[in-house]
Amino acid sequence: MKTTKGLKRMLCFLIFFSFFSFITINMAYPLSTNSRWIIDQNGQRVKLACANWPSHLQPVVAEGLSKQALDDVAEKIVSIGFNCVRLTWPLELATNETLANNVTVRQSFQSLGLNDDISGFQAKNPSMIDLPLIEAYKKVVASLGKKNVMVILDNHVTKPGWCCGYNDGNGFFGDTFFDPATWISGLTKIATTFKGISNVVGMSLRNELRGPKQNVDDWFKYMQQGAEAVHKANSNVLVILSGLSFDVDLSFVRSRPVNLTFTGKLVYELHRYSFTNTNTWSSKNPNDACGEILKSIEDNGGFNLRDCPVFLSEFEIDMRGGNVNDDRYISCVLGWAAENDVDWSIWTLSGSYYLREGVVGMSEYYGVLDSDWVNVRSESFLQRLSLIQSPLQGPGPQHKVYNLVFHPLTGLCMLQVQSISDPTKVTLGLCTESQPWSYTPDNTLTLKDKSLCLENTGPNAPVKLSTTSCSSPNLSKWETMSASKMLLAAKSTNNSLCLDVDKANNIIASNCKCVKGEDSSCDPMSQWFKIVKFSK
Ligand SMILES: *[C@@H]1O[C@H](CO)[C@@H](O)[C@H](O)[C@H]1NC(C)=O
Ligand SMILES: *[C@@H]1O[C@H](CO)[C@@H](O)[C@H](O)[C@H]1NC(C)=O
Ligand SMILES: *[C@@H]1O[C@H](CO)[C@@H](O)[C@H](O)[C@H]1NC(C)=O
């Protein structure tokens, strides 16, 4: 406390108010697009924060329903912060009448010898077990609708089964199981079936295009035909287009725009996992690797955010942890997703599968739910998603734009401690409780209309908020550095001290890690911060 005046001012600021509050809007469907944003009928931003729920494997039944009741799963989805499900379906559910209308859930399980699932399903979802597969699928959509969960219908494969192999005959137009005309009639059928179901807000036309036949000309030809067919059958849904090479490449739409007869419905989707770039993550210094991957995401589709929504419709890590590549990748990608405030969907909700690749009851360690579909596998992973589950920005004139200082490793944000004893202290806390920061053009991090500045007090010491350092700018300048741009270095120290976090989650400054060099074993992630915009 330097002066009494300063103390009084600080005390005033301690009166708690939650500046950054979640807004729960009752969405007015249908949705459409306004430049890079998805909006509702009132022009309000709607952010897709989805979980993929597979229903395209051999039984053609939404997974998990032999473990838990449908309404309970829907409730769980809401309770862990998702507002949307990307619900997969195999094309044959639309194009094979016998499969859709004349095979029940029970018969489907029977034909695969899944007797334990029959008894489980009978116990948990007795009203569904004798429904034909298409009726069971509709029930899932309806149950999600009752809970206000939006649904994106994702045509994942043609033949029911695990996806996706390079050469599995389901990858690209003209493959053994991928006849374009059949695909278009299947899309039309599903779009028509769900016409008027208001929580069905979008359709992913085809998951992860790939394989030896993939080419840009056919991509334009058939994706445009598919989009037109869906829009003609059901003009309410967003039309979501996947890229090539397992949906990591949309680079080709930069020079050749998609040509559709309708507007306001087009969304691009991109996928990214750590195994998309195993070599980069394992062989490079993590700052260099992150910088390189973010450039690749931008060049291969992220650039569309200039005028079109980009939906990161699959990303995830192994929930058991301990995978070094996953650790680097997820902090890097969460920073990107928060900074760009993109729509997204994790792969996957599913804690287990009835039958995957010949294995009965296979556990899914990329699932947010456990094998019994009861508990969350990793609470800390959910915390890391919590910031991006909220909309941060939106279309139209923004009243005022502020910053959050997001720490992807924890999912928390830097904030001033609400403590009378030490109002200079900054720590990590819930992003919803962060005060609005300003990151000024001259690189100061300030609070409270610039009367408090974040000050570096030396190596391994806590940084602090001070009223005086605002007038001695050298102490309070923080510059992004390294290829990842996620290190925030104190300018006063020739960029050798970076924001970091100690064991008690206090924000300190410590020697900047892995700024450059070849060391692939170094670990800078506790020093990764992303300055994220949000508007109010
Ligand atoms: C349609 O589905 C049924 C039931 O699974 C199957 O027996 C039949 O072979 C399928 N028809 C075609 C043409 O794939
Ligand atoms: C549907 O199933 C019933 C009995 O399970 C059978 O008699 C009928 O022929 C089937 N219809 C079609 C179109 O496959
Ligand atoms: C877009 O498609 C329409 C037909 O749907 C065609 O007349 C027009 O030439 C196309 N425009 C471009 C730029 O390819």
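Just so you know, residue 1 is the first one in the sequence shown, and it goes up from there. Note that the structure is a prediction, hence the values are computed from the model and not measured. We count ligands from 1, going down the list as the structure has it; atoms in each ligand are counted the same way.
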| query | Ignoring hydrogens and geometry, is there a side-chain-to-backbone donor-acceptor pair from Arg36 to Cys308 under 3.5 Å? | reply | no
| said: Need the ligand 1 atom indices (1-based, order shown) with element for anything under 4.0 Å from a heavy-atom of Leu99. | reply: 2 (O), 5 (O)
| task | Indicate yes or no: does an N/O atom of Asn96 lie under 3.5 Å from an N/O atom of ligand 1? | result | yes
| request: Can you label the angle between the Trp162 ring and the Trp347 ring as parallel, tilted or perpendicular, going by 30° and 60°? | output: perpendicular
| message | Using the ring centroid of each side chain, check whether Phe173 and Trp183 are separated by less than 6.0 Å. | response | yes
| task | For ligand 3, list the protein residues that place a heavy atom within a distance below 4.0 Å of one of its atoms, sorted by chain and number. | result | Asn259
| Considering residues at least two apart in sequence or located in another chain, which fulfil the ring-ring contact (aromatic ring centres under 6.0 Å, His included) criterion with Phe275? | Tyr273
| query | What orientation do Trp373 and Trp53 show, parallel under 30°, tilted 30 to 60°, or perpendicular over 60°? | reply | tilted
| message | Using ring centroids (six-membered ring only for Trp), state whether Tyr354 and Phe109 fall under 6.0 Å. | response | yes
| task | Give a yes or no on whether the ring-centroid distance for Phe311 and Trp344 is below 6.0 angstrom. | result | no
